[in-house]
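Note that these values count all heavy atoms, side chains included, but never hydrogens, waters or copies made by symmetry. Nothing here was measured: the structure is a model prediction, and the numbers come from that model.
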Amino acid sequence: MSAAPRSVVFDVGNVLVDWDPRAFFARHIADPARLDRFLGQVATLDWHLQHDAGRPFAETSAELIALHPQEADNIRLWGERFGEQIGAVLPGMADIVAELGARAVPLYALTNFSREFWPTFYAREPVLFAPFRDILVSGEVGLIKPDPAIYAMALERFALAPGEALFIDDRADNVAAAERSGFLAHRFEDAATLRAALEGYGLL
(Lines give C-alpha, C1' and ligand atoms only; values in the text may rest on other atoms or scores of the structure.)
Protein backbone atom coordinates (compact mmCIF):
# COMPACT_ATOMS: atom_id res chain seq x y z
CA MET A 1 0.00 0.00 0.00
CA SER A 2 1.30 3.44 -0.91
CA ALA A 3 2.33 5.77 1.92
CA ALA A 4 1.76 8.86 -0.21
CA PRO A 5 -1.97 9.60 -0.42
CA ARG A 6 -3.22 11.83 -3.22
CA SER A 7 -6.58 12.77 -1.68
CA VAL A 8 -8.11 13.51 1.72
CA VAL A 9 -11.38 12.27 3.21
CA PHE A 10 -12.63 14.26 6.20
CA ASP A 11 -15.06 13.42 8.94
CA VAL A 12 -17.24 16.46 9.72
CA GLY A 13 -18.37 16.63 13.34
CA ASN A 14 -15.52 17.42 15.76
CA VAL A 15 -13.06 17.51 12.86
CA LEU A 16 -14.28 20.33 10.65
CA VAL A 17 -16.88 21.80 13.02
CA ASP A 18 -17.60 21.65 16.73
CA TRP A 19 -20.54 19.44 17.73
CA ASP A 20 -21.51 19.86 21.38
CA PRO A 21 -25.05 18.88 22.47
CA ARG A 22 -24.18 19.67 26.09
CA ALA A 23 -23.37 23.30 25.33
CA PHE A 24 -26.72 23.72 23.59
CA PHE A 25 -28.85 21.98 26.21
CA ALA A 26 -27.07 23.72 29.08
CA ARG A 27 -28.84 26.85 27.86
CA HIS A 28 -32.21 25.13 28.24
CA ILE A 29 -31.79 22.83 31.24
CA ALA A 30 -30.68 24.90 34.23
CA ASP A 31 -30.28 22.02 36.70
CA PRO A 32 -26.86 20.34 36.11
CA ALA A 33 -28.10 17.02 37.49
CA ARG A 34 -31.08 17.00 35.14
CA LEU A 35 -28.79 17.93 32.25
CA ASP A 36 -26.56 14.97 33.08
CA ARG A 37 -29.56 12.64 33.22
CA PHE A 38 -30.99 13.95 29.96
CA LEU A 39 -27.80 13.48 27.97
CA GLY A 40 -26.61 10.39 29.82
CA GLN A 41 -29.86 8.42 30.06
CA VAL A 42 -32.42 9.95 27.67
CA ALA A 43 -31.02 11.64 24.57
CA THR A 44 -27.91 9.48 24.48
CA LEU A 45 -25.39 9.21 21.67
CA ASP A 46 -26.60 5.67 20.99
CA TRP A 47 -30.12 7.03 20.55
CA HIS A 48 -28.89 9.77 18.23
CA LEU A 49 -26.91 7.26 16.19
CA GLN A 50 -30.25 5.99 14.86
CA HIS A 51 -30.63 9.30 13.01
CA ASP A 52 -27.17 8.90 11.51
CA ALA A 53 -28.25 5.45 10.32
CA GLY A 54 -31.28 6.90 8.54
CA ARG A 55 -34.19 6.61 10.99
CA PRO A 56 -36.57 9.58 10.93
CA PHE A 57 -36.53 11.84 13.96
CA ALA A 58 -40.32 11.65 14.16
CA GLU A 59 -40.06 7.93 14.90
CA THR A 60 -37.15 8.03 17.34
CA SER A 61 -38.50 11.01 19.24
CA ALA A 62 -41.96 9.47 19.62
CA GLU A 63 -40.42 6.31 21.05
CA LEU A 64 -38.23 8.28 23.44
CA ILE A 65 -41.05 10.55 24.60
CA ALA A 66 -43.12 7.47 25.40
CA LEU A 67 -40.32 6.31 27.70
CA HIS A 68 -39.50 9.73 29.16
CA PRO A 69 -42.62 11.92 28.90
CA GLN A 70 -41.23 14.39 31.44
CA GLU A 71 -38.51 15.28 28.90
CA ALA A 72 -40.82 15.61 25.90
CA ASP A 73 -40.04 19.28 25.28
CA ASN A 74 -36.29 18.75 25.37
CA ILE A 75 -36.50 15.67 23.16
CA ARG A 76 -38.46 17.63 20.56
CA LEU A 77 -35.90 20.42 20.85
CA TRP A 78 -33.16 18.00 19.76
CA GLY A 79 -34.71 17.76 16.33
CA GLU A 80 -36.27 21.19 16.01
CA ARG A 81 -32.99 23.00 16.71
CA PHE A 82 -30.36 20.41 15.96
CA GLY A 83 -28.37 22.89 13.92
CA GLU A 84 -27.73 24.95 17.04
CA GLN A 85 -25.84 22.01 18.54
CA ILE A 86 -23.26 22.50 15.81
CA GLY A 87 -20.84 25.26 16.61
CA ALA A 88 -18.27 27.09 14.58
CA VAL A 89 -15.65 25.70 12.25
CA LEU A 90 -12.83 24.45 14.46
CA PRO A 91 -9.78 26.72 14.70
CA GLY A 92 -7.44 26.36 11.75
CA MET A 93 -9.59 23.92 9.81
CA ALA A 94 -11.02 26.37 7.29
CA ASP A 95 -7.47 27.36 6.35
CA ILE A 96 -6.40 23.73 5.92
CA VAL A 97 -9.37 22.93 3.69
CA ALA A 98 -8.83 26.06 1.62
CA GLU A 99 -5.11 25.39 1.21
CA LEU A 100 -5.70 21.79 0.16
CA GLY A 101 -8.29 22.98 -2.32
CA ALA A 102 -5.91 25.59 -3.71
CA ARG A 103 -3.33 22.85 -4.25
CA ALA A 104 -5.98 20.84 -6.18
CA VAL A 105 -5.89 17.99 -3.67
CA PRO A 106 -9.13 16.01 -4.18
CA LEU A 107 -11.25 16.49 -1.07
CA TYR A 108 -14.13 14.31 0.12
CA ALA A 109 -16.05 13.80 3.34
CA LEU A 110 -17.48 10.72 5.03
CA THR A 111 -19.77 11.68 7.88
CA ASN A 112 -22.19 10.07 10.29
CA PHE A 113 -25.05 12.55 9.95
CA SER A 114 -28.84 12.45 9.76
CA ARG A 115 -30.23 12.85 6.25
CA GLU A 116 -32.88 15.16 7.75
CA PHE A 117 -30.44 17.42 9.57
CA TRP A 118 -27.71 17.49 6.91
CA PRO A 119 -29.16 19.85 4.24
CA THR A 120 -29.65 22.81 6.59
CA PHE A 121 -26.18 22.43 8.07
CA TYR A 122 -24.55 21.98 4.65
CA ALA A 123 -26.21 25.14 3.38
CA ARG A 124 -24.83 27.00 6.39
CA GLU A 125 -21.21 26.39 5.39
CA PRO A 126 -20.89 27.08 1.64
CA VAL A 127 -17.32 28.35 1.83
CA LEU A 128 -16.06 25.45 3.94
CA PHE A 129 -17.56 22.81 1.67
CA ALA A 130 -16.91 24.51 -1.66
CA PRO A 131 -13.65 22.60 -2.37
CA PHE A 132 -15.21 19.18 -1.67
CA ARG A 133 -15.88 16.98 -4.67
CA ASP A 134 -18.35 14.69 -2.89
CA ILE A 135 -19.70 14.00 0.60
CA LEU A 136 -21.04 10.63 1.70
CA VAL A 137 -23.68 11.12 4.42
CA SER A 138 -24.46 8.02 6.47
CA GLY A 139 -28.15 8.79 6.90
CA GLU A 140 -28.60 8.95 3.14
CA VAL A 141 -27.21 5.45 2.57
CA GLY A 142 -28.30 3.66 5.76
CA LEU A 143 -24.77 2.76 6.87
CA ILE A 144 -22.68 4.26 9.65
CA LYS A 145 -19.04 4.31 10.63
CA PRO A 146 -17.31 2.12 11.71
CA ASP A 147 -19.20 -0.42 9.57
CA PRO A 148 -16.68 -1.64 6.96
CA ALA A 149 -19.41 -1.39 4.31
CA ILE A 150 -19.50 2.39 4.41
CA TYR A 151 -15.74 2.64 3.89
CA ALA A 152 -15.98 0.28 0.92
CA MET A 153 -18.82 2.41 -0.43
CA ALA A 154 -16.71 5.54 0.00
CA LEU A 155 -13.76 4.08 -1.91
CA GLU A 156 -16.03 3.03 -4.76
CA ARG A 157 -18.06 6.24 -4.87
CA PHE A 158 -15.00 8.49 -4.70
CA ALA A 159 -13.12 6.28 -7.21
CA LEU A 160 -10.22 5.73 -4.84
CA ALA A 161 -7.91 2.75 -4.75
CA PRO A 162 -6.62 1.41 -1.41
CA GLY A 163 -3.82 3.63 -0.12
CA GLU A 164 -4.78 6.64 -2.24
CA ALA A 165 -6.67 8.55 0.45
CA LEU A 166 -5.92 9.86 3.91
CA PHE A 167 -8.98 9.54 6.18
CA ILE A 168 -9.29 11.96 9.12
CA ASP A 169 -11.62 11.28 12.07
CA ASP A 170 -11.69 12.12 15.78
CA ARG A 171 -12.81 8.64 16.90
CA ALA A 172 -10.29 5.84 17.33
CA ASP A 173 -12.75 3.13 16.27
CA ASN A 174 -13.53 4.95 13.04
CA VAL A 175 -9.84 5.46 12.30
CA ALA A 176 -9.05 1.79 12.94
CA ALA A 177 -11.91 0.66 10.71
CA ALA A 178 -10.73 2.98 7.94
CA GLU A 179 -7.23 1.56 8.10
CA ARG A 180 -8.59 -1.99 7.85
CA SER A 181 -10.63 -0.90 4.84
CA GLY A 182 -7.75 0.44 2.78
CA PHE A 183 -7.33 4.04 3.91
CA LEU A 184 -4.34 5.69 5.41
CA ALA A 185 -5.73 7.35 8.50
CA HIS A 186 -5.08 10.11 11.00
CA ARG A 187 -6.87 10.53 14.33
CA PHE A 188 -7.76 14.19 14.64
CA GLU A 189 -6.68 16.13 17.72
CA ASP A 190 -6.29 19.68 16.45
CA ALA A 191 -5.46 21.61 13.32
CA ALA A 192 -1.77 22.04 14.15
CA THR A 193 -1.19 18.30 14.51
CA LEU A 194 -3.17 17.59 11.35
CA ARG A 195 -1.24 20.21 9.41
CA ALA A 196 2.03 18.56 10.40
CA ALA A 197 0.70 15.19 9.22
CA LEU A 198 -0.46 16.63 5.90
CA GLU A 199 2.91 18.27 5.40
CA GLY A 200 4.58 14.95 6.15
CA TYR A 201 2.55 13.33 3.38
CA GLY A 202 3.40 16.16 0.98
CA LEU A 203 -0.22 17.28 0.73
CA LEU A 204 0.53 20.72 2.20
Side-chain angles (χ1 to χ4, degrees), residues 1-20 44-46 48-55 86 89-101 103-115 117-118 121-122 125 128-204:
M1 183 178 295
S2 169
R6 65 175 182 83
S7 61
V8 179
V9 180
F10 285 93
D11 178 30
V12 175
N14 295 325
V15 172
L16 295 176
V17 296
D18 184 35
W19 178 51
D20 190 354
T44 65
L45 293 182
D46 283 343
H48 176 66
L49 202 60
Q50 297 178 89
H51 309 136
D52 292 347
R55 285 200 71 196
I86 305 172
V89 177
L90 289 172
M93 293 306 294
D95 289 341
I96 286 177
V97 169
E99 290 173 37
L100 289 169
R103 292 171 66 97
V105 175
L107 300 183
Y108 306 93
L110 171 57
T111 179
N112 282 355
F113 215 110
S114 161
R115 61 182 174 83
F117 302 154
W118 174 258
F121 164 68
Y122 179 77
E125 299 291 347
L128 177 67
F129 289 119
F132 284 76
R133 300 188 179 190
D134 195 6
I135 299 175
L136 179 54
V137 177
S138 66
E140 295 177 350
V141 299
L143 296 168
I144 56 173
K145 297 176 293 184
D147 186 337
I150 198 168
Y151 297 98
M153 180 181 289
L155 288 174
E156 180 177 1
R157 178 162 150 175
F158 302 156
L160 298 170
E164 287 187 339
L166 177 67
F167 174 75
I168 301 160
D169 199 291
D170 62 303
R171 291 180 54 112
D173 55 345
N174 292 341
V175 166
E179 290 176 331
R180 291 192 297 269
S181 299
F183 288 90
L184 299 169
H186 171 86
R187 185 174 182 185
F188 181 79
E189 297 176 2
D190 55 45
T193 306
L194 174 59
R195 179 177 288 277
L198 292 169
E199 289 173 352
Y201 283 118
L203 293 166
L204 282 181

Problem - Arg171/Asp173 under salt bridge (charged side-chain N to carboxylate O under 4.0 Å, His left out): CA gap, chis, key distance, verdict - result: CA-CA 6 Å; Arg171 291 180 54 112; Asp173 55 345; 2.8 Å; yes
Practice task
Kindly indicate, with the supporting measurements, whether the criterion salt bridge (charged side-chain N to carboxylate O under 4.0 Å, His left out) is fulfilled by Arg115 and Glu140.
Solution key: CA-CA 5 Å; Arg115 61 182 174 83; Glu140 295 177 350; over 6 Å; no
Practice task
Show your working on side chain to side chain contact (heavy atoms under 4.5 Å, CB included) between Ile150 and Ile144 and close with a plain yes or no.
Solution key: CA-CA 6 Å; Ile150 198 168; Ile144 56 173; 5.6 Å; no
Exercise for the section: Carefully, step by step, assess Phe188 and Leu90 under the rule side chain to side chain contact (heavy atoms under 4.5 Å, CB included). Expected result: CA-CA 11 Å; Phe188 181 79; Leu90 289 172; 4.0 Å; yes
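Side-chain atoms of Val17 and Met93, non-hydrogen and from C-beta on, never get closer than 4.5 Å to each other. You'll find the side chain of Tyr201 reaches within 4.5 Å of the side chain of Leu184, heavy atoms only. Using a 4.5 Å cut-off on side-chain heavy atoms (C-beta onward), Leu16 and Val89 make no contact. Within the 4.5 Å cutoff, side-chain heavy atoms of Thr193 are placed close to those of His186. Contact of the Asp134 side chain with the Leu136 side chain is not registered, since no non-hydrogen atoms from C-beta on lie closer than 4.5 Å. Residues Arg195 and Glu99 meet the side-chain proximity criterion, which asks for heavy atoms closer than 4.5 Å.
Minimum interatomic distance between Glu179 and Ala185 (heavy atoms only, all atoms of both residues): CG-CB, 3.5 Å. Residues Ala165 and Pro5 come closest through the heavy atom pair C-CB, 3.9 Å. In this structure, Ala94 and Leu128 approach most closely via the heavy-atom pair CA-CD1, 4.3 Å.
Of the possible polar contacts, none joining the Lys145 side chain to the Ser138 backbone as a donor-acceptor pair under 3.5 Å is found. A donor-acceptor contact shorter than 3.5 Å links the side chain of Arg187 to the backbone of Asp170.
The aromatic rings of Tyr151 and Phe167 lie perpendicular to each other, with more than 60° between the two planes, well past the 30° mark. Classification of the His48-Trp19 ring pair by plane angle, with boundaries at 30° and 60°, yields tilted.
Put simply, CG on Leu166 and CZ on Phe183 are 10.0 Å apart, with the number rounded to the nearest 0.5 Å. Here CG of Asp52 is found 11.0 Å from CH2 of Trp118. Values are rounded to the nearest 0.5 Å. Rounding to the nearest 0.5 Å gives a distance of 9.5 Å between CD1 of Ile168 and CG of Asp11. To the nearest 0.5 Å, atom OG1 of residue Thr111 and atom CG of residue Asn174 are 10.0 Å apart. Note that CG of Asn14 and CG of Asp20 are 8.0 Å apart. Values are rounded to the nearest 0.5 Å.
Taking the centre of each ring, Phe10 and Phe129 stay at or above the 6.0 Å mark.
A side chain to side chain contact (heavy atoms under 4.5 Å, CB included) with Val8 holds for exactly one of Leu203, Leu194, Leu204; it is Leu203.
Atom CD of Glu156 has 12 or fewer heavy atoms from other residues, nucleotides or ligands within 6.0 Å.
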